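What follows is a short report on a single structure.
All of these numbers come straight from a predicted model, not from anything done at the bench. Each chain gets a letter, A, B and so on, in the order the sequences are listed, and its residues count up from 1. No hydrogens, no waters, no symmetry mates; every other heavy atom, side chains included, goes into these values.
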2 protein chains.
Amino acid sequence: MSIEERKEREKLEMRQLIIKTAMKLFAAEGIENVSIRKIAEKIEYSPGALYSYFKDKGEIIHAIHEEGFEKLYALQRTLDGVENPKEKLFKMGRLYMKFAMENKDYYDLMFIAKGVGERICEKQEWDSGQRSYDYLRNTVKDCIEAGYLKESDIDAAAFAIWGFVHGMAALIIRGRCAMMPEEMINNVVEGSLKFIYSNINIEQRN
Amino acid sequence: MSIEERKEREKLEMRQLIIKTAMKLFAAEGIENVSIRKIAEKIEYSPGALYSYFKDKGEIIHAIHEEGFEKLYALQRTLDGVENPKEKLFKMGRLYMKFAMENKDYYDLMFIAKGVGERICEKQEWDSGQRSYDYLRNTVKDCIEAGYLKESDIDAAAFAIWGFVHGMAALIIRGRCAMMPEEMINNVVEGSLKFIYSNINIEQRN
DNA sequence: TCATAAATTAAACATTGTTTAAAAATTATA
DNA sequence: TATAATTTTTAAACAATGTTTAATTTATGA
């Protein structure tokens, strides 16, 4: 079946080309300024051709969205070797913010943009996100078990911490930080991370 | 100049009618499903007529956005009488989440939607938001001064706390909570609020 | 080589926000 | 009151969007 295999391969390559081109355009011109027609023009195909490879625009966006989760999870795994769970949690927060600030378009797609969340809920395609969430959740669990956090509902604690970092990222990315000068943002974020870190109870340990 | 006054009044009434109609449609059909044409049809005018009262669609959205801030600030002022700043801060968090959950469309417009943030930064129209932020900031300041929070950069602390609640709200509103069942969300949010509350240092006082 | 299947295209459709030139309504002037 | 000037409103058009369809080209199988 060499021929069918080749076709399959070509189909995958084409999908990859579309995704890659879309990502480039997203980064260059901003997500909302990229149309199907622009992607088609870039790869020198007609707009309609893309619909042989993706059901609709949402499916293209979703594919990119998945690549973003790969990136994020890879970053998280960087912390595998960190023994102290509280240190791990703090580093994860800083790493998360770094990812968000350096990949605003991806982050937007992954966690803010409309028309992506719905798809996540319908299908079981939250898997890639679940992996990252579980990584956070386990670290939070370790923190509680090690006495760094007061005994709490693990999910509530994990959601709180995720909310904290996501909130900052989302406010910045969607331009809701008019109360502080642009050039101060990074400092304030670092300060906020430290604020949470130093205000969390650690009296039990050492 | 009774005649000019009347014209001014009528212009204002028309603006109000447009805003009110747009709000109703937003609530009924969702923000992204409301077009200029739909609003125009509802008030029995032609689409083009709206452009005599608003520069563009963004200006309509921004007007609604301001009404949302009025609502939120009014809610915050409900806490004027709360003496203990930490209690005030906690109640403000719960109240903020309640507002977000019960006015998802407004909240989206105010703090998440694209095409609104830019307008905020350009003009000095962040005022209505600044008022709410200052209210939070002052409470945080009181908490620090009263020893409920470790001495920290006030803005970093305020941003952290705002980020925390906004993050939860934004994740829920934009459908990024697939890791928990729909009916659990309210419980988890309450749990997260309590988690932050009980894990913040208060050893200094009492 | 010819028939069948698949991929690609051009064109059209239904939307969208917005602009423009004409028509209608209103106000000012004589 | 009649006419001129202004302002509002409208219908129509424009450009751009995502998507569908029918036809055409291309590739495959017999």
Side-chain angles (χ1 to χ4, degrees), chain A residues 1-19 21-23 25-26 28-65 109 113-119, chain B residues 1-19 21-23 25-26 28-65 109 113-119:
Chain A
M1 298 288 128
S2 170
I3 171 138
E4 275 191 18
E5 280 176 22
R6 200 209 65 210
K7 280 209 156 188
E8 191 100 1
R9 200 176 58 232
E10 282 179 349
K11 196 131 195 167
L12 255 150
E13 279 169 7
M14 184 68 163
R15 273 182 68 103
Q16 213 56 35
L17 176 64
I18 292 171
I19 292 171
T21 309
M23 292 196 320
L25 286 173
F26 282 170
E29 314 193 19
I31 297 172
E32 69 276 2
N33 298 322
V34 176
S35 60
I36 295 281
R37 283 175 170 83
K38 270 191 192 164
I39 302 172
E41 190 186 23
K42 199 84 173 179
I43 62 174
E44 297 178 298
Y45 273 73
S46 78
L50 304 213
Y51 288 82
S52 303
Y53 301 92
F54 293 96
K55 184 180 140 281
D56 55 18
K57 193 185 184 181
E59 210 169 274
I60 299 177
I61 289 173
H62 190 264
I64 296 175
H65 152 276
L109 228 58
K114 247 172 184 162
V116 185
E118 299 75 9
R119 201 175 296 265
Chain B
M1 298 290 125
S2 171
I3 169 136
E4 276 192 17
E5 281 176 22
R6 199 209 65 211
K7 280 208 157 189
E8 190 100 0
R9 200 176 57 233
E10 282 179 348
K11 197 131 197 167
L12 254 150
E13 279 170 7
M14 184 67 162
R15 273 182 69 102
Q16 214 56 35
L17 176 63
I18 293 170
I19 292 172
T21 309
M23 293 197 319
L25 286 173
F26 282 171
E29 314 193 18
I31 297 171
E32 69 276 3
N33 298 323
V34 177
S35 60
I36 295 281
R37 283 176 171 82
K38 270 191 194 161
I39 302 172
E41 190 186 24
K42 199 83 173 181
I43 62 174
E44 296 177 297
Y45 273 74
S46 80
L50 304 214
Y51 288 81
S52 303
Y53 301 92
F54 294 94
K55 183 180 142 282
D56 55 18
K57 193 184 184 183
E59 211 168 273
I60 299 177
I61 289 173
H62 190 263
I64 296 175
H65 152 275
L109 229 56
K114 246 172 185 163
V116 185
E118 300 77 10
R119 200 175 296 266

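Atom CD1 in B:Ile60 sits roughly 12 Å away from atom C1' in C:dT18 (whole-Å rounding). Here C:dT16 presents its P atom at 16 Å from CD1 of B:Ile31, a figure rounded to the nearest Å. D:dT8 atom P lies 14 Å from atom CZ of B:Arg15, rounded to whole Å. The distance between atom CD of A:Glu13 and atom P of C:dA7, rounded to the nearest whole Å, is 14 Å. Remark: P of D:dT17 and NZ of A:Lys38 are 6 Å apart, rounded to the nearest angstrom. Atom CG of A:Asp56 and atom P of D:dT20 are 8 Å apart (whole Å). Atom CD1 in B:Ile36 sits roughly 22 Å away from atom P in C:dA14 (whole-Å rounding). D:dT8 atom P lies 11 Å from atom CD of B:Glu8, rounded to whole Å.
At a threshold of 4.0 angstrom between heavy atoms, the contacts of A:Ser52 include nucleobase atoms, whether or not backbone atoms are also involved. Among the atoms of the strands shown, only primed sugar atoms or phosphate atoms (P, OP1, OP2) are found under 4.0 Å from some heavy atom of A:Tyr53. If you check every strand for non-hydrogen atoms under 4.0 Å, A:Tyr45 touches sugar and phosphate atoms only.
Interatomic distance, CZ of B:Arg15 versus CZ of B:Phe54, reported as 4.0 Å (0.5 Å rounding).
In the set D:dT9, D:dT19, C:dT8, D:dT9 carries the atom at the smallest distance from any side-chain atom of B:Ala49. Here the nucleotide nearest the side chain of A:Lys57, chosen from C:dT19, D:dT9, D:dT19, is D:dT19. Listed nucleotides C:dG17, D:dT17, C:dT8 differ in distance to A:Arg37; the shortest reach to its side chain belongs to D:dT17.
Within the 4.5 Å cutoff, the side chain of A:Ile36 has heavy atoms near those of the A:Ile60 side chain. Within the 4.5 Å cutoff, the side chain of A:Glu29 has heavy atoms near those of the A:Lys38 side chain.
In this model, the phosphate group of C:dT16 is approached by a side-chain N or O of B:Ser35 to a distance below 4.0 Å at OP1 or OP2. Phosphate contact (OP1/OP2 of D:dT7, side-chain N/O of B:Lys11, threshold under 4.0 Å): absent.
If you find the closest nucleotide of DNA chain C to B:Gly48 and to B:Glu10, the one lying nearer the 5' end belongs to B:Gly48.
The local environment of CD in B:Glu32 is crowded, with over 12 non-hydrogen atoms from other residues, nucleotides or ligands closer than 6.0 Å. In A:Glu10, the CD atom is crowded: over 12 heavy atoms of neighbouring residues, nucleotides or ligands sit closer than 6.0 Å.
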